[in-house]
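This is the structure I have questions about; it appears just below.
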Amino acid sequence: MKKATTSMAKSDPKEGTAEDSPSLLIDGRIKELSDWRGETLARVRTLIQQADPEVVEEWKWRGVPVWSHDGIICTGETYKNVVKMTFAKGASLEDPSGLFNSSMEGNTRRAIDFHEGDKIDEEALKALIRAAVALNTAARAARPARSQKKSKSA
């Protein structure tokens with residue numbers, strides 16, 4: 001796994017300290033949930049890591065696990081009755097297995113809501129994660145390289 005980065009304010013105790021790595025913060029979130037939501041978030045995390053061994057774990061927006069590779073792949077939000085996996089560019093991804101079941105109205109994001117007792121189609125989810133990584137990687141490769149400004153001395 002690549003380096004982990006974090007965006008957290010030291011003044012907010014829910015965010016942890018600057019020494020806390022995003023991976024440890026995600027571990028803590030899974031442990032604090034201690035129910036089906038923690039199990040689901042842990043399973044989703046494992047599948048993301050299997051699909052993309054170079055994934056970077058981040059902790060953003062006051063406690064949201066984020067997985068990135070050349071840009072955000074997805075987030076892992078937890079609510080009372082759902083674990084929501086939001087793909088940042090989901091609307092641009094093919095979803096032949098029909099995993100997306102939430103946030104369908106937007107032009108950019110798409111999400112998968114997991115409810116208690118839901119079975120995860122692991123192979124389809126890993127394929128969707130790989131497609132998101134490919135989309136991010138292609139977008140990064142398509143950006144023009146920054147040119148060095150030539151000095152005006154002569």
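In this chain, residues are counted from 1 in sequence order.
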Quiz item: Is any side-chain heavy atom of Ile129 closer than 4.5 Å to a side-chain heavy atom of Trp67?
Solution: no
Quiz prompt | side-chain hydrogen bond (donor to acceptor under 3.5 Å, both in side chains) partners of Thr75, counting only residues at least two apart | solution = Glu77
Quiz item: Any side-chain heavy atom of Leu128 sitting closer than 4.5 Å to one from Phe100?
Solution: yes
Quiz item: Passes side-chain contact (heavy atoms from CB on, under 4.5 Å), Arg130 versus Lys126? Steps please.
Solution: CA-CA 6 Å; Arg130 288 185 196 107; Lys126 287 195 279 189; 3.8 Å; yes
Quiz prompt | salt bridge (charged side-chain N to carboxylate O under 4.0 Å, His left out) against Glu116, all qualifying residues, sequence neighbours excluded | solution = none
Quiz item: Closest heavy-atom contact between Ser68 and Ile72?
Solution: OG-CA, 3.6 Å
Quiz prompt | His69 versus Asn136, side-chain donor and acceptor atoms under 3.5 Å | solution = no
Quiz item: Going by distance alone, is a donor N or O of one side chain under 3.5 Å from an acceptor N or O of the other, for Lys84 and Ser102?
Solution: yes
Quiz item: What residues, two or more places apart in sequence or in another chain, satisfy salt bridge (charged side-chain N to carboxylate O under 4.0 Å, His left out) together with Asp118?
Solution: none
Quiz prompt | Test side-chain contact (heavy atoms from CB on, under 4.5 Å) applied to Arg43 and Glu122, step by step | solution = CA-CA 9 Å; Arg43 188 66 198 141; Glu122 296 184 358; 2.8 Å; yes
Quiz item: Is there a side-chain contact between Phe114 and Ile120 (heavy atoms, below 4.5 Å)?
Solution: yes
Self-check item: Under-4.0 Å salt bridge between Arg45 and Asp27
Solution: yes
Practice problem: For the residue pair Glu57 and Gln49, confirm or rule out a side-chain donor-acceptor distance under 3.5 Å. | Solution: yes
